[in-house]
Amino acid sequence: MQPFDYVRVREISAALAEADSSADYLAGGTTQLDLMKDGVLRPRRLIDITRLPLHGIEERQDTLFVGALATMEELAADPVVGRRLPFVREALLRSASVQLRNMATIGGNLLQRTRCRYFRDPKVHACNKRGRGTGCAAITGTHRSHAVLGTSEHCIATHASDVAVALIALDAVVHITGAQGDRDVPLTGFYRTPGDTPDIENDLRPGELITAVEVPLLPPGARSDYLKVRDRMSFEFALASAAAAVVLGDDDVIRWVRVGLGGVATVPWRAVEAEAVLTGSRAGIEVFTNAARAALAGAEPHPQNAFKVELAQRTLVRSLQTITGVSA
Ligand code: SF4
């Protein structure tokens, strides 16, 4: 690991003052330190932000205000999450072991880096995400776990977060602060698909800090589900996942629906095409199937991950069945 300086700050203003192009913020560090040991990240200075007053989870009218330093375990254990955001809780519990959930923060989870094996191996030269213009080893190499939505010819890396899939379905908003002031960014506009700049993954500007995430609570009567399909049941990343929430009328017509997909896209994926098919339709297997097809209509699979198109469709259909009680 490259040697680095370490500084601990206790105020946000001090954190922003310490930030420069050679420094990284350090919170839970659960993947950051791995990437530093592997030589993928090489900061000259770490700014420890764990003492900043960005902890805490608070219900505010119809939203949950989550401090960026709240841990995944704290959020999963929060009673409001259990009652009003059950699929967020499911996504958190399926993300990682309890040891990791006790360390990893919500802000860090949203910023986690891809699990693409080539990105994490500096001995591999061709990785546009590590070095723009170097190529993409995954497209010509092993890409079974890679993305089919939101890809480009320059990068097909999958975004690994589970909880971000549920949060993007809920229209969560990220609160950000920086030297230029505070701003709020909807999570749907926070992430960037790779295009020809895979090294730029989100809207965060140099030196800026996520301070909180504001999560709208599910409307009364909503039912939700987070279904994660993976190679093994124990703490594995998703091959495909679906976060769905539905308000069903007495006539079984879908009054309100939100859908996010994970494991299949370069960013946490909001499936607006599926929502358009579902909204106003009577719940049924045919409508669910049409919605799932619409969600994956833009997929651009590669030879080893073509199976993900049907897998993601089936995952979404199954999740909607679980929510609505519609049988096959
Ligand atoms: Fe790098 Fe993206 Fe290609 Fe993986 S998929 S090797 S992260 S450019």
Side-chain angles (χ1 to χ4, degrees), residues 1-2 21 24-25 29-43 95-96 104 108-165 168 187 189-206 228-231 235-241 260-270 295-296 298-312:
M1 188 191 296
Q2 173 176 283
S21 59
D24 281 346
Y25 294 123
T30 52
T31 54
Q32 188 177 13
L33 295 181
D34 285 345
L35 290 169
M36 287 173 63
K37 287 177 192 166
D38 290 342
V40 177
L41 299 180
R42 301 168 65 83
S95 294
N109 186 287
L110 297 182
L111 298 177
Q112 68 177 282
R113 311 302 300 275
T114 182
R115 260 61 191 176
C116 173
R117 59 190 278 189
Y118 304 108
F119 172 74
R120 290 178 168 247
D121 184 355
K123 292 193 290 299
V124 176
H125 175 69
C127 176
N128 288 320
K129 195 178 279 296
R130 265 191 287 108
R132 193 185 297 181
T134 57
C136 173
I139 289 176
T140 52
T142 301
H143 50 253
R144 176 177 177 272
S145 64
H146 284 63
V148 296
L149 290 168
T151 59
S152 76
E153 61 182 307
H154 302 290
C155 182
I156 57 171
T158 309
H159 197 279
S161 175
D162 290 291
V163 70
V165 178
I168 212 156
L187 203 53
F190 180 70
Y191 292 106
R192 302 237 191 125
T193 54
D196 56 6
T197 55
D199 49 320
I200 302 174
E201 299 182 345
N202 55 56
D203 192 42
L204 212 56
R205 298 167 191 153
K228 179 175 181 178
V229 179
R230 44 193 162 171
D231 280 327
F235 307 121
E236 180 60 281
F237 296 99
L239 288 171
S241 71
L261 297 176
V264 290
T266 52
V267 297
W269 196 259
R270 178 72 176 271
L296 273 297
E300 294 186 306
H302 287 74
Q304 295 161 22
N305 68 0
F307 74 98
K308 282 193 170 189
V309 176
E310 185 171 353
L311 182 66

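Remember, predicted model here, so these are calculated numbers, not experimental data. In this chain, numbering begins with 1 at the start of the sequence shown. One-based numbering, in listed order, for ligands and for the atoms of each.
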Give the C-alpha distance, both sets of side-chain angles, the deciding distance and a yes or no for side chain to side chain contact (heavy atoms under 4.5 Å, CB included) between Tyr191 and Leu110.
CA-CA 9 Å; Tyr191 292 106; Leu110 297 182; 3.5 Å; yes

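With a cut-off of 2.8 Å, atom 4 (Fe) of ligand 1 has an N, O or S atom of Cys116 in range.
Each of the following atoms of ligand 1 lies closer than 4.0 Å to a heavy atom of Tyr118: 6 (S). Close contacts between ligand 1 and Ile156 involve ligand atoms 5 (S) [criterion: under 4.0 Å to a heavy atom]. Every atom of ligand 1 with a heavy atom of His154 under 4.0 Å away is listed here by number and element: 8 (S). Every atom of ligand 1 is numbered from 1 in the order shown, and the set under 4.0 Å from a heavy atom of Phe119 is 7 (S).
Closest to atom 3 (Fe) of ligand 1 among all protein heavy atoms lies Cys136 SG, 2.3 Å. From the protein, the heavy atom lying nearest to atom 1 (Fe) of ligand 1 is Cys127 SG, 2.4 Å. Nearest protein neighbour of atom 2 (Fe) of ligand 1, counting heavy atoms only, is Cys155 SG, 2.4 Å.
By the criterion of a heavy-atom distance under 4.0 Å, neither the backbone nor the side chain of Arg130 is placed next to ligand 1.
Arg113 and Phe119 make their closest contact through NH2-CZ, 3.5 Å (heavy atoms, listed as atom of the first residue, atom of the second, distance). Nearest heavy-atom pair across Gln112 and Phe237 is OE1-CE2, 4.5 Å.
A heavy-atom distance below 4.5 Å is found between the side chains of Met36 and Pro43.
Just one of Leu296, Val264, Leu149 meets the side-chain contact (heavy atoms from CB on, under 4.5 Å) condition when paired with Val309; it is Leu296.
The pair Arg132-Asp199 meets the salt-bridge criterion, with a side-chain N (NZ, NE, NH1 or NH2) lying under 4.0 Å from an Asp/Glu carboxylate O. Taking a cutoff of 4.0 Å between a charged side-chain nitrogen and a carboxylate oxygen, Asp231 and Arg144 qualify as a salt bridge.
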